[in-house]
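Structure first, commentary second.
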There are 2 protein chains.
Amino acid sequence: MGVAAKKTISPEEEPVNFGVLDHMLGYKLRRAQLTFFNSFSAACSDLGISPGLFGVLVVVKENPGLTQTAVAKALANDRSAMVGAVDKLEQMKLIERRPSKKDRRSYALFMTRYGLEFIEKLTQRVREQEEQLYKLLKPGEKETLLSILDRFD
Amino acid sequence: MGVAAKKTISPEEEPVNFGVLDHMLGYKLRRAQLTFFNSFSAACSDLGISPGLFGVLVVVKENPGLTQTAVAKALANDRSAMVGAVDKLEQMKLIERRPSKKDRRSYALFMTRYGLEFIEKLTQRVREQEEQLYKLLKPGEKETLLSILDRFD
DNA sequence: TATTGTTATACTCTATAACTATA
DNA sequence: TATAGTTATAGAGTATAACAATA
């Protein structure tokens, strides 16, 4: 993944007028999210972990024994997308599929011991990466932002 | 595009613990942006306009005569992605490529007369769609959000 | 040499439909 | 009948590299 694009204006270029985009939350959210996505990738892509895979790891760690479909629902993904994600995390020896005892159609997902160590270090890296971006915020703004964004969920 | 997924918990399901995700701006931005994206699509996909194409239209309208590369840079897209976008908008008779007089390598982009009418109605629809989501905000929160998000750009 | 538009390519993400085995 | 996991598939979106024309 490349470096986050800035809309800084070189001295010789005309400034660009963004019109209604400057007042549209949808557009601004997309730009900000891109910055966070690029920052995450720069920090974690060498480990083979994308933002989406990180979400799966966290949910499985916090909720041992959840089914694939339950994880997908929690993360607003489709069931079908979970297959590849769980395959990959299982190949990386981070999580395990165990046959559910209650329902033979489904698997229960668990972290491996190695997975627990891995996510500990990974979370630390993710935290440090986000801290860099939080430097752009004043005290309390992060909490303000989180509480507002939660309402759009 | 489907309907935005909610993480509302049905009575019979165990609540899911999101761990560190609950305090990560990157994750919350992605979820919120998904909500806006789905809302935009529900309102505008019948017109063949995606959020990305809307951005191109607005920038061309506000900055007549810009080159493809300049529009791409403004929107943090790659030049190569602009080709298809401009092709599509030109086929829809919304914008025009005119040979640049200063530089024979590049095109200058302009709205057509029809394009100007079109984007007027389109913007109205986009605005109404976002207003629905703004109902979740208290007075002043939209401006707060915009000013904070701008810093991550 | 560098840049514009372009093409080809590829990779990720996402969404849908259909199949199987279970419930 | 409905649901879980799976597969196949297709459409966006995005990124890179290379080429011809032009600067």
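Here is the naming used below: chain letters follow the sequence lines, and residue numbers restart at 1 for every chain.
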Any A:Arg79 side-chain N or O less than 4.0 Å from OP1/OP2 of C:dT14: no
Flag for B:Gln124-B:Glu128: side-chain donor and acceptor within less than 3.5 Å: yes
A:Gln129 and A:Ser39 side chains, donor-acceptor separation under 3.5 Å: yes
Separation of atom CG in A:Asp87 from atom P in D:dG5, rounded to whole Å: 12 Å
Selected nucleotide, minimal atom distance to B:Tyr107 side chain, candidates C:dT6, C:dA21, D:dT22: C:dT6
Sugar-phosphate only, base, or nothing, as touched by A:Ser100 at under 4.0 Å among non-hydrogen atoms: nothing
d(CZ, B:Phe37; P, C:dC13) in whole Å: 15 Å
B:Lys73 NZ to D:dT14 P, straight-line distance once rounded to whole Å: 18 Å
Interatomic distance where CE belongs to B:Met82 and P belongs to C:dT3 [whole Å]: 19 Å
Along DNA chain C (nearest heavy atom to each residue), the more 5'-positioned of A:Pro51 and B:Val83: B:Val83
A:Ser100 backbone acceptor or donor facing A:Ser106 side chain under 3.5 Å: no
Residue whose nearest DNA chain D nucleotide is more 5′ - A:Arg97 or A:Arg30: A:Arg97
Euclidean distance, atom CG of residue A:Leu109 to atom P of D:dA4 [Å, nearest integer]: 13 Å
Residue mapping more 5' on DNA chain C - nearest nucleotide basis, A:Ala81 or A:Lys102: A:Ala81
Selected nucleotide, minimal atom distance to B:Thr69 side chain, candidates D:dG13, C:dG5, D:dT14: C:dG5
Residue B:Gln68, side-chain atoms from C-beta onward, closest of C:dG5, C:dT16, C:dT14: C:dG5
Below 4.0 Å: OP1/OP2 of C:dC13 and any side-chain N or O of A:Ser50: yes
Quiz item: B:Arg104 side-chain donor-acceptor pair to D:dT22 base, under 3.5 Å: no
Atom-to-atom span, CG of A:Leu75 to C1' of C:dA15 - whole angstrom: 17 Å
Main-chain N/O of B:Leu25 paired with A:Glu130 side-chain donor or acceptor, under 3.5 Å: yes
Sugar-phosphate, base or nothing in reach of B:Asp103, heavy atoms under 4.0 Å: sugar-phosphate
Cation-pi geometry met for B:Arg98 and B:Tyr107 (6.0 Å, 45°): no
Spacing between B:Asp78 atom CG and C:dT3 atom C1', to the nearest angstrom: 14 Å
D:dT16 base / B:Ser80 side chain donor-acceptor hit below 3.5 Å: yes
From C:dA23, C:dG5, C:dT14, nucleotide with atom closest to A:Arg105 side chain: C:dA23
Rounded interatomic separation in angstrom, taking CD from A:Gln33 and P from D:dG13: 14 Å
Side-chain donor/acceptor of B:Tyr27 to backbone N/O of B:Val20, under 3.5 Å: no
